[in-house]
Amino acid sequence: LERSRNLSHLMSGCLSSPIVELLQTIGTIADQFLFNAFVVGGFVRDLLLRKANIDLDIVVEGDGIAFARKLGQHLGGRVREHERFGTATIILPQDLKIDIATARLEYYEYPAALPTVELSSIKLDLYRRDFTINAMAIQLNPEHFGRLVDFFNSQNDLKQMAIKVLHNLSFVDDPTRIFRAVRFEKRMDFTIARHTERLIRNAVKMNLFGKADDPRFFTELKLLLNEENASPALERLAELGLFPFLWPDLKPHLSIDRRFRHCLVQTQRSIAWFKLLYLTDRYEPWIIYLLTIMSRSSMTVLANFCDRFQLPQRNRTMLLSEKQLADNASHHLSARSELKNSDIFVAFRELHIEGLLYLMAVARKTEVKKAVSAYVTTLRHQAPLLNGDDLKQLGYRPGPPFKKMLEALLLARLDGLTSTRDDEIAFLNDYFPLSDGH
Ligand code: ATP
């Protein structure tokens, strides 16, 4: 080993004791199998940066699946096995997940492998990774617990805040790594090293990924758009010449123009606004960004995008319907001179948060932006004071009209026509008189 630093102190300082104990357990069980076991990748990178990361990627030099079964049994977790790849995932309570991979000698046949054959399998495993900063390991076997395995001078690159590939064919082997490079660069405020950037530009020039049918392109794009602030990463993708590949139909697709940049900033703002108000609500930022990017494209162009990148049906349906609903709502509301709360409610009620925040970001009219704000913060939470039981009590016969009546009550309430229960009862008397057969 080039460097042999021991990180056990750093580990006990930065990690919670259950995680440290879990890593120790992994090492102890590996010893029973006479395997070497390592935690690798982003976990090690983040530990050295003193950042929390609870995704455990484990590599064992030996049968990873047999090992995972034993470990899963010991920890009382669910084990999903992927026989073909020699990998397994152990799902533990509290969202904790352990991925286990096998470092196998067959990796020697890999075309981009180093010419020498005197390599340990962990070294080959690390050599096949995306960037030097992600290619470190920490040994877990009790005798060597905490030993940092750094074959590629990764510690130095981490210090220099540099994103570097491990070999010149890296992007030829796997062009999705370009998205990863940009994602890490912007997330950590690192820089893609000069040679690595040249390799990216070459790969783009060679049109290495004319085909987008590897579903990992979409996976990586999604991860990039879900980062804390996706705008700088998008700018970087444009600058590296990736927009024609991603959005060939986008009109000024070679650069990000002023209006486009403005929309991206607005998207970021509307997401931040929502997050501040509804900390625990779940939504998918990547959908909002994609809708913004394609806001001036037709439905067909969006559908083509979904086809080309093989989006799962669920994502495709969501994107298309949110665009349609949001664009219609915007059109409808823009045409009105005065907006009643009930108009806003009816226009927006089928939209998800993603579509609403998209609309907030791209709407040209202030009234539309304000309408989204009012809907998200108050209107969508409103309900009439009376419910179905009350209607029965009042003598109405239960049935399909109940829905219409409750809706009318809600809209009246939104527009301030009613405020007390008595107002609502009076409203029903006016619009749904009992003698009418209701
Ligand atoms: P994050 O912090 O976003 O989870 P990560 O580094 O943990 O980042 P993952 O996508 O979870 O990233 O991947 C785990 C590890 O697997 C990486 O650290 C890297 O070593 C390796 N890896 C992932 N994708 C690739 C790829 N396309 N090519 C090579 N190695 C990869």
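Each residue takes its place number in the sequence, starting with 1. Counting convention: from 1, in listed order, for ligands and their atoms alike. Below, all heavy atoms of this structure are taken into account, side chains as well, without hydrogens, waters or symmetry copies.
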Should the pair [X] and [Y] be assigned to parallel (<30°), tilted (30 to 60°) or perpendicular (>60°) ring geometry?
X      : Y      : result
Phe243 : Trp247 : perpendicular
Tyr278 : His381 : tilted
Phe171 : Phe131 : tilted

Which is it for Leu15 and Leu23 under the side chain to side chain contact (heavy atoms under 4.5 Å, CB included) test, yes or no, and what are the steps along the way? CA-CA 10 Å; Leu15 307 170; Leu23 292 169; 4.1 Å; yes
Does Arg269, at its CZ atom, have more than 12 non-hydrogen atoms belonging to other residues, nucleotides or ligands within less than 6.0 Å? no
Does Lys51 have more than 12 heavy atoms from other residues, nucleotides or ligands lying within 6.0 Å of its NZ? yes
Name the closest protein heavy atom to [atom], giving the residue it belongs to and the distance to 0.1 Å.
atom                    : answer
atom 7 (O) of ligand 1  : Gly42 CA, 3.8 Å
atom 25 (C) of ligand 1 : Arg180 NE, 3.7 Å
atom 19 (C) of ligand 1 : Asp130 OD1, 3.4 Å
atom 4 (O) of ligand 1  : Asp55 OD2, 4.1 Å

For [X], counting its heavy atoms only, list the atoms of ligand 1 lying under 4.0 Å from any of them.
X      : answer
Arg187 : 1 (P), 2 (O), 3 (O)
Arg128 : 29 (C)
Asp174 : 26 (C), 27 (N), 28 (N)
Arg45  : 2 (O), 5 (P), 6 (O), 8 (O)
Arg183 : 3 (O)

Compute the shortest N/O to N/O distance between [X] and ligand 1 and return yes if it is under 3.5 Å, no if not.
X      : result
Arg129 : yes
Arg177 : yes
Asp57  : no
Gly41  : no

Apply the salt bridge (charged side-chain N to carboxylate O under 4.0 Å, His left out) test between Asp125 and each candidate in Arg129, Arg128, Lys123; give the one that qualifies. Arg129
Residue pair Gln382, Phe345: steps toward the side chain to side chain contact (heavy atoms under 4.5 Å, CB included) verdict: CA-CA 10 Å; Gln382 304 270 333; Phe345 184 89; 5.9 Å; no
Start with the C-alpha distance between Phe245 and Phe309, add both sets of side-chain angles, then the distance that settles ring-ring contact (aromatic ring centres under 6.0 Å, His included), and finish with yes or no. CA-CA 11 Å; Phe245 163 70; Phe309 287 94; 5.6 Å; yes
Is there a donor-acceptor pair under 3.5 Å between the side chain of His167 and the backbone N or O of Leu169? yes
Phe184 near ligand 1, heavy-atom distance under 4.0 Å? yes
Does some non-hydrogen atom of the protein lie less than 4.0 angstrom from atom 11 (O) of ligand 1? no
